[in-house]
Visitor: 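Pasting a structure below so you can have a look.
Only a predicted model underlies this, so the values are computations on that prediction, with no experimental measurement involved. A, B, ... follow the sequence lines: proteins, then strands. Residue 1 opens every chain.
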Amino acid sequence: MFKRPHYIGLGLVVLMTLIILNLPPRTTARMKLAISSVFLPLFGLASSGHQVAGAVADAVTPRGDLLKQNENLRRENQELKLQATRFGELERENTRWKQLWGWQQSAAPKGWKVKLANVVLREPANWWKTLQIDLGSRNGLTNNMPVLSPEGYLVGRISAVNFANSQVVLLGDQNCRVPAVVENETRASGVIGPSGPLDSSLVEMGYLPPNANIKPGQNVATSANSAIFPKGIPIGKVVDARSVDYGLSSTARVKLSANLNSLEELWVLLTP
Amino acid sequence: MKWANPLLILGGALLAVFWESAFHGIRHLLGAQVDLLPAIMVYASLTASLVTVSLLALLGGLWFDSLSANPLGVTVIPLLICGLGFYSVRELLLRDQPFAQMMLGLVASVVTPLLVLITLLTTGKQPLVGLGTLGNSW
């Protein structure tokens, strides 16, 4: 079916893949960063595309001038509508920045510095929950730094750092487990684990004591038992709880407060 | 112009991987991202040489894994198996028929992620297997 050189070529591809799969994690991480740098020009193209789209949108605006010559009333109406839209957008942006600034001033964990990052890429495979941000080692980022949503809810942690960008592993991924506490009278401690198969905004909180008295609606936050996450960062609310392991422990489903599907900006907590 | 088709296929694969990472419209709509590499592999295995199929599996798999949390190289062999499977029987297929092409694309879109998942589970990784994963096969 195939000629001999074909078999040799295919064997080489398989051999190369097996070698890559068996390389030490640090080496493959470096190789990943090197290979992903192929996409850097595309980032540039994508942002240029956005700029061109913006310029085209701006160029469409003078159409109002033509209407002005013919129909003064319609022009006035149009200008007012345009102004209202623009001011509305500015107001929304202003409010958002005020919220971010206010959160940075008041709610950021004491002693921790924060950096605002933009989400640039998302995980292409459906069985991991990661994304890429535009901050890297040049911005002082290192592995395992906590990552928060603009509102201050826990989102995940940094899992790989490149010079100019980093990978964030999100809550609900198998590789992101967070010691957490249910904020009720028992202050029961557990571990936030992977998300359920149906709804990715629900995560399992396991290893809870059987007598934890967990009720729906109770808040869940990071506990003090973590070397990575500062305590008290809100994670979500309890949806329900059930007994597992023949009553030896219980597990709760937690609805995440941060909407992981619509993240555009993130706070990275820099280790103090 | 022998190099034009392979270059087009590899360029298409690069753009497809970037598109899957950078644009999330389909993910918001269906709840899962669509993987375009198997479809490109079907096209390559029906129209291009074995070298192109191998290069697409190697480069496409490495590009995909570099932007993903997958271990590097885990997508290469499933893509290669899929491509070789179609390449070896392509003379027997009605490859000019749109319906046949669609069915081949469907088979590839199911088989490739399944093989990747099996490889991941075999290597001790714990991927999230849920409805979102099933959505990958659509």
Visitor: Given a strict heavy-atom distance threshold of 4.5 Å, which part of B/L67 is in contact with chain A: side chain, backbone, both, or neither?
Guide: both
Visitor: Parallel, tilted or perpendicular: which fits the ring planes of B/W63 and A/F39, with parallel below 30° and perpendicular above 60°?
Guide: perpendicular
Visitor: Does a side-chain heavy-atom distance below 4.5 Å link B/V76 with B/L59?
Guide: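 With C-beta onward as the side chain, the pair stays apart.
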Visitor: Checking heavy atoms, do the side chain of A/L18, its backbone, both or neither come under 4.5 Å from chain B?
Guide: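 When you check distances to chain B, only side chain atoms of A/L18 fall under 4.5 Å.
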Visitor: Quick one: do the B/N70 and A/W127 side chains pair a donor with an acceptor below 3.5 Å?
Guide: yes
Visitor: Give me the atom names and distance for the closest heavy-atom approach of A/V238 to A/A252.
Guide: CG1-CB, 4.3 Å
Visitor: Which atom pair, heavy atoms only, marks the closest approach of B/A69 to A/T130?
Guide: CB-CG2, 3.8 Å
Visitor: Does any backbone or side-chain atom of B/L120 lie under 4.5 Å from a heavy atom of chain A? Answer side chain, backbone, both or neither.
Guide: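 Side chain only.
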Visitor: So which part of B/L72 gets closer than 4.5 Å to some heavy atom of chain A, the side chain, the backbone, both or neither?
Guide: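 B/L72 touches chain A through backbone and side-chain heavy atoms alike.
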Visitor: Would you mind checking which part of A/E123 comes under 4.5 Å of any heavy atom in chain B, side chain (CB onward), backbone (N, CA, C, O), both or neither?
Guide: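 Both parts, heavy atoms under 4.5 Å.
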Visitor: Pick whichever of B/T75, B/L58, B/T123 has the most heavy-atom pairs under 4.5 Å with chain A.
Guide: B/L58
